[in-house]
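So that the names make sense, note that chain A is the first sequence line, chain B the second, and so on, each numbered from 1.
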Amino acid sequence: MYFSLSRLVSLDVKWADLFDTSNPTFFDQHHNPYYELIVIADGTVHLEVSESRHTLQTGESLLLMPWEVHRGWNAQERQGQFFWVQFSCNPDLQEFVLERASQLHIAHAERTELRTTEVHREDLLVLPRRQQSLQRYKLLGLFEQLVQTMKQSKDYFRFHATLLLGEILLLMAGDFLEQRQLGAASPASYLTFRALADHLNNFYESDVSKETLERVLERKYEYLCQVFKKYTGTTIHHYVHQLKIQRAKHLLEQTAKSVKEIAEEVGYPDPFYFSRIFKKLVGVAPQHYRNSKP
DNA sequence: CACTAAATGATTCTCCAACA
DNA sequence: TGTTGGAGAATCATTTAGTG
């Protein structure tokens with residue numbers, strides 16, 4: 001079973017601690033209103049979670065859903081210690097159906113965020129319900145820090161705890177990716193795409209013609225379009241317009257420059273054309289946009 | 001998989017005029 | 001000063017077929 005976590009999530013650590021299974025309450029029923037992540041710190045832990053019984057070794061992790069009932073079992077065997085953290089998460093974790101291994105690849109590299117203000121897609125972290133970490137000491141180290149942080153309750157400890165939890169989740173998701181032997185090498189086309197996007201980001205107001213792009217990147221334009229579309233879902237010039245308009249909006253709000261000057265500055269020699277594009281992308285004409293802002 | 005050539009359809013861009 | 005619209009030319013985007 002797998003879960004996906006949105007990149008745009010807000011996390012909140014509720015509590016974290018180290019639990020020793022010699023504590024007699026280990027065999028009582030436990031449940032809580034939050035997500036709970038358990039990582040075995042030492043020894044073996046026998047844990048029963050809603051009817052299914054797990055035997056977890058050091059470094060293994062188990063992700064519990066809110067209100068999921070869990071308790072220890074197998075009282076005969078000696079058991080160890082585990083870290084746990086309870087957290088809330090918005091949006092919630094989604095159950096993730098992993099049909100093909102390639103889905104992970106898509107989550108990892110297929111679409112990329114550009115430098116515009118709009119969010120084109122959410123990258124999802126994929127977290128397995130149960131997993132043995134490849135970097136168990138790093139994981140346990142992070143947990144140790146998390147528990148310390150929550151105990152000290154000073155400075156920005158809640159903020160720090162959130163970052164630590166994020167790092168823990170990222171580490172686990174990264175491990176999972178690696179275990180799938182995916183996400184290792186970036187394809188060459190991705191590097192081409194990066195170079196292209198960098199060029200657009202830097203020169204969008206001056207020179208992004210077909211010829212220049214071919215010359216700078218030493219690839220045929222047809223290919224560049226193909227690659228750009230593949231990673232972003234949009235076209236080169238649509239992206240350039242977005243960059244220009246984004247800057248124009250800023251200039252309209254923050255300066256007293258005329259529309260004509262702004263058009264010139266962001267890369268539209270023809271102010272008539274600038275107006276038209278602005279209207280198309282923003283919904284209102286430049287001057288109206290400026291007037292509507294306080 | 002990375003890339004090119006060629007063909008074709010799509011859109012963007014320029015320039016002009018009319019109007020608020 | 002700024003917005004909107006049209007017409008035609010210039011560019012751009014996409015597809016298909018093909019190479020190593």
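- Rounded to an integer number of Å, the gap from CG of A:Asp270 to P of C:dA10 is 16 Å.
- Taking atom OH of residue A:Tyr239 and atom P of nucleotide B:dT11, one finds them 22 Å apart after rounding to whole Å.
- Contact annotation: A:Ser258 does not reach the phosphate of C:dT1 (side-chain N/O to OP1 or OP2, under 4.0 Å).
- Between A:Glu222 atom CD and C:dA17 atom C1' the separation is 13 Å, expressed in whole Å.
- Taking the ring-ring contact (aromatic ring centres under 6.0 Å, His included) definition, one finds that A:Phe87 meets it with A:Tyr35, sequence neighbours left out.
- Counting to the nearest Å, the P atom of B:dT14 and the CZ atom of A:Phe272 are 12 Å from each other.
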Name the atoms and distances for all side-chain donor-acceptor pairs under 3.5 Å in residues 152-175 of chain A, with sequence neighbours left out.
from     : atom 1 : to       : atom 2 : distance (Å)
A:Arg158 : NH1    : A:Val13  : O      : 3.0
A:Thr162 : OG1    : A:Arg158 : O      : 3.1
A:Asp175 : OD1    : A:Gln135 : NE2    : 3.2
A:Asp175 : OD2    : A:Ser133 : OG     : 2.5
A:Asp175 : OD2    : A:Leu134 : N      : 2.9

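- Residue A:Lys220 contributes atom NZ, which lies 17 Å from atom C1' of C:dT16 at whole-angstrom precision.
- Checking side-chain atoms of A:Arg115 against main-chain N and O of A:Asp198 turns up no donor-acceptor pair under 3.5 Å.
- Partners of A:Arg53 by salt bridge (Lys or Arg N to Asp or Glu O under 4.0 Å), not counting sequence neighbours, listed by chain and number: A:Glu48.
- The OH atom of A:Tyr289 sits 18 Å away from the C1' atom of C:dT3 (whole-angstrom rounding).
- Along DNA chain C, the nucleotide nearest to A:Gln226 and the one nearest to A:Glu261 differ in position, and the one closer to the 5' end is contacted by A:Glu261.
- When rounded to the nearest whole Å, the span between NZ of A:Lys257 and C1' of C:dT1 equals 17 Å.
- At least one donor-acceptor pair under 3.5 Å links the side chain of A:Arg129 to the backbone N or O of A:Leu63.
- Separating the NE2 atom of A:His237 from the P atom of B:dA10 is a distance of 19 Å, rounded to the nearest angstrom.
- For the segment residues 205-214 of chain A, residues with any heavy atom less than 4.0 angstrom from an atom of DNA chain C are, sorted by number, A:Ser209, A:Lys210.
- Within residues 274-287 of chain A, the residues approached by DNA chain C to less than 4.0 Å at the level of any non-hydrogen atom are A:Ser275, A:Arg276, A:Lys279, A:Ala285, A:Pro286, A:Gln287, in residue-number order.
- When the ring-ring contact (aromatic ring centres under 6.0 Å, His included) test is applied to A:Phe3, no partner is found at least two apart in sequence or on another chain.
- The minimum heavy-atom distance between A:Tyr223 and A:Ser189, with the atom names listed, is OH-CB, 3.6 Å.
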Give the C-alpha distance, both sets of side-chain angles, the deciding distance and a yes or no for salt bridge (Lys or Arg N to Asp or Glu O under 4.0 Å) between A:Arg219 and A:Glu214. CA-CA 5 Å; A:Arg219 299 287 128 82; A:Glu214 288 196 334; over 6 Å; no
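- For the pair A:Lys244 and A:Tyr204, the cation-pi test (distance below 6.0 Å, angle within 45°) is failed.
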